[in-house]
Peer 1: 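First, the structure itself, so that you have it in front of you.
Index from 1, following the sequence.
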Amino acid sequence: MRDYDEATSFLGDWGPFQLTIFFLLSASTIPNGFNGMSVMFLAATPEHRCLVPDSANLSQAWSNASIPWEERDGQRVQSRCWRYRLDILTNYSARGLMPGVHVNVSNIEKEKCLDGWHYDQDVYQSTVVTEWDIVCDNDWKGPLTSSLFFAGVLTGSFVSGQLSDSFGRKKILFATMAIQTGFSIVQVFSTSWEMFAILFLIVGMGQISNYVAAFILGSEILGKSARILFSTLGVCIFFAIGYMILPLFAFFLRDWRTLLLALTVPGLLCVPLWWIIPESPQWLVTQGRIEEAEAIIRKAAKQNKVPAPAVIFKTAEQETKQRHIRRYTILDLIRTHNIRIITILTIMFW
């Protein structure tokens, strides 16, 4: 096939068409940056201690002494997961005994937080952790939440390229955008940690697949000079902007449901891009859809106000309609020795 860059060189490097594609596709990765680190705020663990219910009828002195002290990081702090047995404390309080005076508190039997926890709200009003008490015996669910998200990222990394090759760059870009945004909205209404975690896995798949699709689409549409800036600076900078804006959202929105909903809104703003961003002409050519590819290039030429040649892709390229086009599968990731090494290293990195 004739070199694509040579065939479309008449468009120039930085016309209105290239600038539009560059900035819109780059900006579409901002929500990816949000989701990449949102778990740091959504599932943050604030300071907490066992809840002592008012029904225990403890005096102020015994209420203050109900939580044992322990060493943590070289400091003496109240326990997060233990309290002194309330029935014993209630008995001492009713008898008018004083902690540390009549009773050696350290000798009192301990029990777990049977009535839940009291969470400090100086930083967060609520998080996934405080919503479903993911602390103490259940504290393993916090790291698992993050792991499930990145398991989705790993899975999406493998399937996104396959899907883009089969169905087109543009369709997968917006399909994964819908998955990322739609399932994030559903997450806001999660009724359990299990529901939140499963949805987070799916969001992870959509997040990386959306980023990869945008990266590929921009790299194939743009010319050489624009392509280099797009792939090295464009998507990377806007992804980083998402990272940087995330703490600002979290500073003003201290409730995890409100924060997640706010992080989802920018994804909805990308919907109009469907009517602006075209399919990859290179992908269309490989599928034998020469007329559609030329129509996109001619529209770009009109936008850049440059004349387009009568024939953009040579007649020989029409043979791709009849030519057998090899379809790559996930097995190609282990087909050769070098590719196997790259695949294994990639898995280890993630």
Side-chain angles (χ1 to χ4, degrees), residues 38-149 187-200 247 249-261:
S38 63
V39 69
M40 299 295 295
F41 301 99
L42 298 176
T45 303
E47 282 298 318
H48 54 278
R49 62 181 184 275
C50 291
L51 178 66
V52 178
D54 295 335
S55 59
N57 293 321
L58 298 180
S59 65
Q60 186 62 48
W62 279 107
S63 179
N64 293 339
S66 60
I67 307 298
W69 292 80
E70 61 186 21
E71 290 286 332
R72 190 186 315 134
D73 298 329
Q75 295 183 336
R76 193 165 180 267
V77 296
Q78 287 185 311
S79 175
R80 293 174 174 173
C81 302
W82 295 92
R83 70 184 183 188
Y84 293 115
R85 280 184 52 181
L86 286 190
D87 57 338
I88 297 176
L89 300 187
T90 301
N91 179 41
Y92 288 154
S93 179
R95 291 165 57 188
L97 302 178
M98 295 296 293
V101 178
H102 305 106
V103 179
N104 185 351
V105 178
S106 61
N107 292 332
I108 300 175
E109 187 179 349
K110 300 175 184 177
E111 64 182 5
K112 293 184 178 182
C113 302
L114 304 180
D115 297 294
W117 288 261
H118 171 79
Y119 295 97
D120 182 79
Q121 292 187 324
D122 288 344
V123 179
Y124 303 99
Q125 291 182 3
S126 70
T127 69
V128 173
V129 171
T130 65
E131 181 89 9
W132 295 298
D133 291 331
I134 306 176
V135 291
C136 298
D137 290 343
N138 289 321
D139 61 358
W140 56 272
K141 293 182 179 180
L144 181 58
T145 304
S146 301
S147 297
L148 286 173
F149 173 80
Q187 265 189 303
V188 175
F189 304 98
S190 297
T191 57
S192 65
W193 171 80
E194 289 78 8
M195 177 180 176
F196 179 89
I198 292 173
L199 291 172
F200 214 24
F249 274 85
F251 180 81
F252 290 103
L253 304 173
R254 305 299 180 96
D255 172 71
W256 76 268
R257 293 182 190 271
T258 307
L259 174 61
L260 182 55
L261 185 61

Peer 1: If you round to the nearest 0.5 Å, how far is CG of Leu42 from OG1 of Thr145?
Peer 2: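 The OG1 atom of Thr145 sits 10.0 Å away from the CG atom of Leu42.
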Peer 1: Please name the pair of heavy atoms, one in Pro99 and one in Val105, separated by the smallest distance, quoted to 0.1 Å.
Peer 2: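 Where Pro99 meets Val105 most closely, the heavy atoms are CB-CG2, 3.5 Å.
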Peer 1: Does the side chain to side chain contact (heavy atoms under 4.5 Å, CB included) test come out yes or no for His118 and His48, once each step is laid out?
Peer 2: CA-CA 6 Å; His118 171 79; His48 54 278; over 6 Å; no
Peer 1: Taking all non-hydrogen atoms of both residues into account, name the closest pair between Ser146 and Val39 and its distance.
Peer 2: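 In this case the closest contact between Ser146 and Val39 is OG-CG2, 3.5 Å.
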Peer 1: Within the supplied structure, the quantity of interest is the number of heavy atoms (other residues, nucleotides, ligands) at a distance under 6.0 Å from Asn104 CG; does it exceed 12?
Peer 2: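 Yes, because the 6.0 Å sphere around CG of Asn104 holds more than 12 heavy atoms from other groups.
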Peer 1: To the nearest 0.5 Å, tell me how far Glu111 CD sits from Ile88 CD1.
Peer 2: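 Atom-to-atom, Glu111:CD and Ile88:CD1 are 8.0 Å apart.
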Peer 1: Do Ile108 and Val103 have side chains that approach each other closer than 4.5 Å (heavy atoms only, starting at C-beta)?
Peer 2: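 Counting from C-beta outward, Ile108 and Val103 do come under 4.5 Å.
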Peer 1: Do the side-chain sulfurs (SG) of Cys136 and Cys81 come closer than 2.5 Å?
Peer 2: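 The sulfur gammas are closer than 2.5 Å, so yes.
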Peer 1: Crowded around Gln75 CD? As in, over 12 foreign heavy atoms under 6.0 Å?
Peer 2: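 Open.
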Peer 1: Tell me whether Met195 at atom CE has more than 12 heavy atoms from other residues, nucleotides or ligands lying less than 6.0 Å away.
Peer 2: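 Enclosed: over 12 neighbouring heavy atoms sit under 6.0 Å from CE of Met195.
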Peer 1: Are the side chain of Ser63 and the backbone N or O of Gln60 linked by a donor-acceptor pair below 3.5 Å?
Peer 2: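 Side chain of Ser63 to backbone of Gln60, a donor-acceptor pair under 3.5 Å: no, none is there.
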Peer 1: In the structure I gave you, are the side-chain heavy atoms of Val52 and Leu89 within less than 4.5 Å of one another anywhere?
Peer 2: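 No, side chains not in contact.
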Peer 1: Hey, is the main chain of Pro68 close enough, under 3.5 Å, to the side chain of Ser79 for a donor-acceptor pair?
Peer 2: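 No.
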Peer 1: If only atom types and distance count, is the side chain of Ser59 paired as donor or acceptor with the main-chain N or O of Ser93 below 3.5 Å?
Peer 2: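 No, because the side chain of Ser59 does not come within donor-acceptor range (under 3.5 Å) of the backbone of Ser93.
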Peer 1: For the pair Arg83 (side chain) and Leu51 (backbone), establish whether a donor and an acceptor sit closer than 3.5 Å, ignoring hydrogens and angles.
Peer 2: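 Yes, the answer is positive, given that a donor and an acceptor are paired below the 3.5 Å cut-off.
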Peer 1: Distance check, rounded to the nearest 0.5 Å: Tyr119 atom OH versus Gln125 atom CD?
Peer 2: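 Here the interatomic distance stands at 16.0 Å.
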Peer 1: Can any side-chain N or O of Thr130 pair as donor or acceptor with the backbone N or O of Ser126 at less than 3.5 Å?
Peer 2: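 Side chain of Thr130 to backbone of Ser126, a donor-acceptor pair under 3.5 Å: no, none is there.
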Peer 1: Distance from Leu144 atom CG to Trp193 atom CH2, nearest 0.5 Å?
Peer 2: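 Leu144 atom CG to Trp193 atom CH2 measures 4.5 Å (nearest 0.5 Å).
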Peer 1: How about Arg95 and His102: do any of their side-chain heavy atoms sit closer than 4.5 Å?
Peer 2: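 Result no, sub-4.5 Å side-chain heavy-atom pair not found.
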Peer 1: Are side-chain heavy atoms of Leu58 and Thr90 found at a separation under 4.5 Å?
Peer 2: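 Contact flag for Leu58/Thr90 side chains = yes.
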Peer 1: List the atom of Val128, the atom of Ala43, and the distance in Å for their closest heavy-atom pair.
Peer 2: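 Of all heavy-atom pairs spanning Val128 and Ala43, the closest is CB-CA, 4.3 Å.
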Peer 1: So which atom in Phe41 and which in Pro247 form the shortest heavy-atom distance, rounded to 0.1 Å?
Peer 2: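 Of all heavy-atom pairs spanning Phe41 and Pro247, the closest is CZ-CA, 4.0 Å.
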Peer 1: Please walk me through it: do Arg257 and Asp255 pass salt bridge (charged side-chain N to carboxylate O under 4.0 Å, His left out)?
Peer 2: CA-CA 6 Å; Arg257 293 182 190 271; Asp255 172 71; 5.8 Å; no
Peer 1: Compare all side-chain heavy atoms of Arg49 with those of Trp117 and state whether any distance is below 4.5 angstrom.
Peer 2: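 Answer no - side chains too far apart.
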Peer 1: Quick one: pull up OG in Ser190 and CG in Leu260 and give me the separation to the nearest 0.5 Å.
Peer 2: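 That separation rounds to 8.0 Å.
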Peer 1: For the CD atom of Glu70 and the CD atom of Gln78, what is their distance to the nearest 0.5 Å?
Peer 2: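 Between atom CD of Glu70 and atom CD of Gln78 there are 9.5 Å.
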Peer 1: Using side-chain heavy atoms (C-beta onward) and a distance below 4.5 Å, is Trp256 in contact with Phe196?
Peer 2: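 In short, these two side chains touch, coming nearer than 4.5 Å.
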Peer 1: Check for a donor-acceptor pair, side chain of Arg254 on one end and backbone N or O of Leu259 on the other, with a separation under 3.5 Å.
Peer 2: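 Pair absent, no side-chain N/O of Arg254 close to backbone of Leu259.
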Peer 1: Could you check whether any side-chain N or O of Trp62 sits under 3.5 Å from a backbone N or O of Leu97, counting only pairs where one atom can act as donor and the other as acceptor?
Peer 2: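 Looks like yes, one N/O pair under 3.5 Å.
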Peer 1: Answer yes or no: is there a side-chain heavy-atom contact under 4.5 Å between Pro46 and Val123?
Peer 2: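 Not touching, per the 4.5 Å side-chain cut-off.
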Peer 1: Where do Pro53 and Leu86 come nearest, in terms of heavy atoms and distance?
Peer 2: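 Minimum heavy-atom separation between Pro53 and Leu86: CD-CD1, 3.8 Å.
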